Amino acid sequence: MTMGTADAEVGQLSLPQELVLMLLNEESGYFRQVRGWNLNCAMVGAGLAELSLIGRIDTDMDSLQLLDSTPTGHAALDPILEAIVADPDQHNAQYWVEVLAPRADTSIDVALERLAEMDILQHHEGEFWTLTHSAWQSDQPGEGGVVTAAGFVRSRITRVIFEDEIPDPRDAILISLLNTCDVLRFIFQLEPKDEERVEFVANLDLLGRSISDAVSLNLTSPLVRQSALTRSIPKVSLTRLLFNPHARTGNIPALFASLAEEYGPVFQLAPPFQEPTIFLAGLEANRWAQRESRRFLTSTKYLNELEEEYGAHGILPSLDSSDHFRMRKAMQPGLSRARLESQIEDLYRLMRAHIAEWNVGDVMPAKTMSRLMTNAQISPVLASVDSQDIIEDLIAYKERALNTRVAKLMPKFLLRTPAIRQRAKSIEQMLERVQRAHTPALRVDAPRDIVDDLLSLHANDPQLLPESSLKFALSAPLLASMYLGDTLGFAFYAMASQPDLYKRIQAEAEAIFANGDPDAEVFQGPEIDVTRRFVMECLRMYPVVPGSLRNVMNSCVVGNYELPLSARVLIVQTAAHYMSDVFPDPHTFDIDRYLPGREENRTLGYAPFGLGTHTRLGNRWVELQMAVNLLMVAYYFDLDVRPSNAKLRISPFPSLTISNKVKFHIARQRHDIPSVDASNASAPAVGCPVLH
């Protein structure tokens, strides 16, 4: 077999790579296997089988012998070979499967990365994977010339199982491993006679039998795997929490970093009148959340009441498994950096129209200023409407719903006060505007927005996005102004309170805007190196969503602590941002952390957008819009903080926001702002009417 896009180093796929391809479920974007231990054992078995097929080892039912210690050059196989070479004693295959299984995550990562490099798999945000359709040239009989890589593997197995083709050892071993993992019935529709054929093939090859037996034994009765369910989860007293200095400043990531350093990666807290919550914090917890949380935790339960409040069913944050993946795939293009880059001129125009209203001497509350400035851009670009007059009502209602229905920090009756009921009416106003702006006539030649994507999804898959969920789904893009605006509020504070950094950002702004508006490519280049690293450090120090609530749907173990069924879990992924073993001197604002040679963000300790399947969509969009906003404000204005000695104040619930007690003062205007037609700034540039 030869490959159209493969390199000469790999003449054919290895068994671990073929196993990954067959285990991948494109509907869910992940493996068909549920238990990580099963998958790890199977991957080690595939690696041992490949080493045997290429003559490095020999194995039978009772022993495994080293034949050739020469490295293979294959990143998934050489660690297995090195372990065998380093052990002078002789062991059987079962022993090596069990000993190596805990380290098999690396083999899985290597297989996935290599398949992505070969353009066989595509990686998606949130640790999802799908098959590409790259063509391979097959020299196997009956293949018809061009197939996909996955199709090639599947067709071989199909011929062996359903057409009684005599299998070669590689196919027999792969079928044996897939049968041991009990996934063939999910890949193929097997009749009783087909199951008999599978059992026959699985027992044909001595190597396949010995490895499958070893894997099977390890799935049910591991030799050396210790029971991890022996440690009690430490309990943090409410007094200890309340008297922590970071609790008083509202710095939630720093608070949980200090608790994790004292109690370990797993601890629990039982607030008065609430169910206990288990907290996961630190680098070890982040690694587990990235790889394993999808199998054991669900976001559905804790969001039930929020869905009820909006009359919705199956909103994106509450979805799990294949529905979550399908929804993400539908929404990802509309929240991508590429979509924003395509409208960069509109972003400049909208930004200028808003800041043209600023005057030297103005003093503006930090949170309000940042949210309104962000919404002036977000609403037209994401939803093709102007919502400046109602955005504060939309946000106030959402925050109250989160505090009462999700965080349960307030009694529910506070969501039914006359003032909040009045604010709730803004949702209907918003829906009316969005619908009016998305009639077929108005969408002709208009740039596509996220509302177009959502309406298309509803029309094509009304079960995935039912009409009852449109109220929430269509308001969510506008509420991005809350989170992005708060992130920018912290960034403006960091810039205005650090004059040296402010000057460096202004120098970059002067250079890129000197000859007119820059192309979008500039924001990926060295021209904004300081601004880019400044944004990264702001996201580290001031992550507006510091953690993610979940419930345990399958009991599991994290760091030798058992998480019981139905337990409420808060993954505080940003606690690692304030841990000195991940970020030295973590309370110091230091943009040099991200220079080559340090690159402290190159671990799962850097997680401003979450981890795993629920990594927030649009993070590349956020980084671009933050850079544009910071550079344009720096180009046109000098800001300072009022009062001049004001310390940063953080409001921690329902997400981290900069307090309105912090204010920004327009000290000087550096350049004239070109006149912008206000009606043009928020409408025709993005193909929509201005609605009031």
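Everything numeric here is computed off the predicted structure, so don't read it as measured data. This chain uses plain numbering: 1 for the first residue, then up along the sequence.
A distance-only check finds a donor-acceptor pair linking the side chain of T374 to the backbone of S370 [under 3.5 Å]. Between the R294 side chain and the A289 main chain, no donor and acceptor come within less than 3.5 Å of each other. T615 places a side-chain N or O within donor-acceptor distance of the main-chain N or O of G612, the cut-off being under 3.5 Å. Using a distance-only test at 3.5 Å, with no hydrogens or angles considered, a donor-acceptor pair links the side chain of S336 to the main chain of R339. Of the possible polar contacts, none joining the D486 side chain to the V544 backbone as a donor-acceptor pair under 3.5 Å is found. A distance-only check finds no donor-acceptor pair linking the side chain of S456 to the backbone of D452 [under 3.5 Å]. Under a 3.5 Å cut-off, the side chain of Y397 and the backbone N or O of R421 do not form any donor-acceptor pair. Using modelled atom types, one side-chain atom of H577 and one backbone atom of R540 make a donor-acceptor pair closer than 3.5 Å. No donor-acceptor pair under 3.5 Å is formed between the side chain of R433 and the backbone N or O of V385. S481 places a side-chain N or O within 3.5 Å of a backbone atom of L478 that can act as its donor or acceptor partner.
With rounding to the nearest 0.5 angstrom, the OG atom of S475 is 11.0 Å from the CD1 atom of I395. Atom CG in N251 sits 8.5 Å away from atom CG in L648 (nearest 0.5 Å). Summarising the geometry, atom CG belonging to L465 is positioned 5.0 Å from atom CG belonging to L457; distances are rounded to the nearest 0.5 Å. With values rounded to the nearest 0.5 angstrom, I427 atom CD1 is found 7.5 Å from L431 atom CG. Between the CG atom in L630 and the SG atom in C538 there is a gap of 7.0 Å [rounded to 0.5 Å]. A distance of 11.5 Å separates CG in L479 from CG in L474, rounded to the nearest 0.5 Å.
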Would you sort out whether V628 and M351 count as a side-chain contact (heavy atoms from CB on, under 4.5 Å), showing the intermediate values?
-> CA-CA 9 Å; V628 170; M351 179 69 174; 5.6 Å; no

| message | Pair T130, L24 - check side-chain contact (heavy atoms from CB on, under 4.5 Å), show working. | response | CA-CA 8 Å; T130 55; L24 188 69; 5.7 Å; no

Would you check, one step at a time, whether the test side chain to side chain donor-acceptor pair (under 3.5 Å) holds for D320 with T298? CA-CA 7 Å; D320 292 313; T298 176; 2.5 Å; yes

Exercise. I420 and L414: side-chain contact (heavy atoms from CB on, under 4.5 Å), yes or no, with the steps?
Worked result: CA-CA 8 Å; I420 289 296; L414 289 179; over 6 Å; no

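Not counting sequence neighbours, the partners of H123 by the ring-ring contact (aromatic ring centres under 6.0 Å, His included) test are W129. Shown here are the side-chain hydrogen bond (donor to acceptor under 3.5 Å, both in side chains) partners of N403, two or more places apart in sequence or in another chain: there are none. Residues passing the side-chain hydrogen bond (donor to acceptor under 3.5 Å, both in side chains) test with R423, sequence neighbours excluded: D393. In this structure P546 satisfies the side chain to side chain contact (heavy atoms under 4.5 Å, CB included) test together with I252, P253, T574, L656, sequence neighbours excluded. Not counting sequence neighbours, the partners of Q524 by the side-chain hydrogen bond (donor to acceptor under 3.5 Å, both in side chains) test are E341. Contacts of F279 classified as ring-ring contact (aromatic ring centres under 6.0 Å, His included), with partners at least two apart in sequence or in another chain: F256, F267. Every side chain to side chain contact (heavy atoms under 4.5 Å, CB included) that V406 has, sequence neighbours left out, goes to Y302, L303, L306, L402, L549. Contacts of F664 classified as ring-ring contact (aromatic ring centres under 6.0 Å, His included), with partners at least two apart in sequence or in another chain: none. For L565, the side chain to side chain contact (heavy atoms under 4.5 Å, CB included) partners two or more places apart in sequence, or in a different chain, are S555. Not counting sequence neighbours, the partners of S318 by the side-chain hydrogen bond (donor to acceptor under 3.5 Å, both in side chains) test are E307.
Crowding of E305 atom CD: a count of heavy atoms from other residues, nucleotides or ligands under 6.0 Å exceeding 12. Within 6.0 Å of the NE2 atom in H124, the count of heavy atoms belonging to other residues, nucleotides or ligands exceeds 12. A 6.0 Å sphere centred on CZ of R352 holds more than 12 heavy atoms belonging to other residues, nucleotides or ligands.
In summary, K398 and E392 do not engage in a salt bridge, as defined by a charged side-chain N under 4.0 Å from a carboxylate O. A salt bridge links R295 with E292; the closest basic N to acidic carboxylate O contact falls under 4.0 Å. Using a 4.0 Å cut-off between charged nitrogen and carboxylate oxygen, D517 and R349 do not count as a salt-bridge pair. Between R448 and D453 there is a salt bridge, since a side-chain N of the basic residue sits under 4.0 Å from a carboxylate O of the acidic one. A salt bridge links E623 with R620: the distance from a Lys NZ or Arg NE/NH1/NH2 to an Asp or Glu carboxylate oxygen falls below 4.0 Å. With salt bridges taken as basic N to acidic carboxylate O contacts below 4.0 Å, none links R291 and E127. Between R416 and E309 a salt bridge is recorded (basic side-chain N to carboxylate O distance below 4.0 Å).
R550 forms no cation-pi arrangement with F296, by the criterion of a distance under 6.0 Å to the ring centre and an angle within 45° of the ring axis.
Between the side chains of S387 and S379, a donor-acceptor pair is found at a separation under 3.5 Å. Side chains of R371 and T657: no donor on one and acceptor on the other come within 3.5 Å. In this model, a donor atom of one side chain and an acceptor atom of the other lie less than 3.5 Å apart for Q625 and W621.
For K663 against P365, the heavy-atom pair with the smallest separation is CG-CA, 4.0 Å. Listed here is the closest heavy atom pair of M331 and L617: CB-CD1, 4.0 Å.
Using a 4.5 Å heavy-atom cutoff, the side chains of F492 and M495 are in contact. The side-chain heavy atoms of I450 and L335, taken from C-beta on, include a pair separated by under 4.5 Å. L121 is not listed as a side-chain neighbour of T132, based on a closest heavy-atom distance of 4.5 Å or more. A heavy-atom distance below 4.5 Å is found between the side chains of F490 and I650. Annotation: side chain of R532 is not in contact with side chain of F523 (no heavy-atom distance under 4.5 Å).
Sequence neighbours left out, the pairs with a member in residues 323-334 that pass side chain to side chain donor-acceptor pair (under 3.5 Å) are D323-R326, R326-D461. Pairs engaging residues 443-481 under the ring-ring contact (aromatic ring centres under 6.0 Å, His included) rule: Y310-F472 [sequence neighbours left out].
Results of the side-chain contact (heavy atoms from CB on, under 4.5 Å) test with L269 over I278, L241, L259, L570 single out L241 as the only residue that passes.
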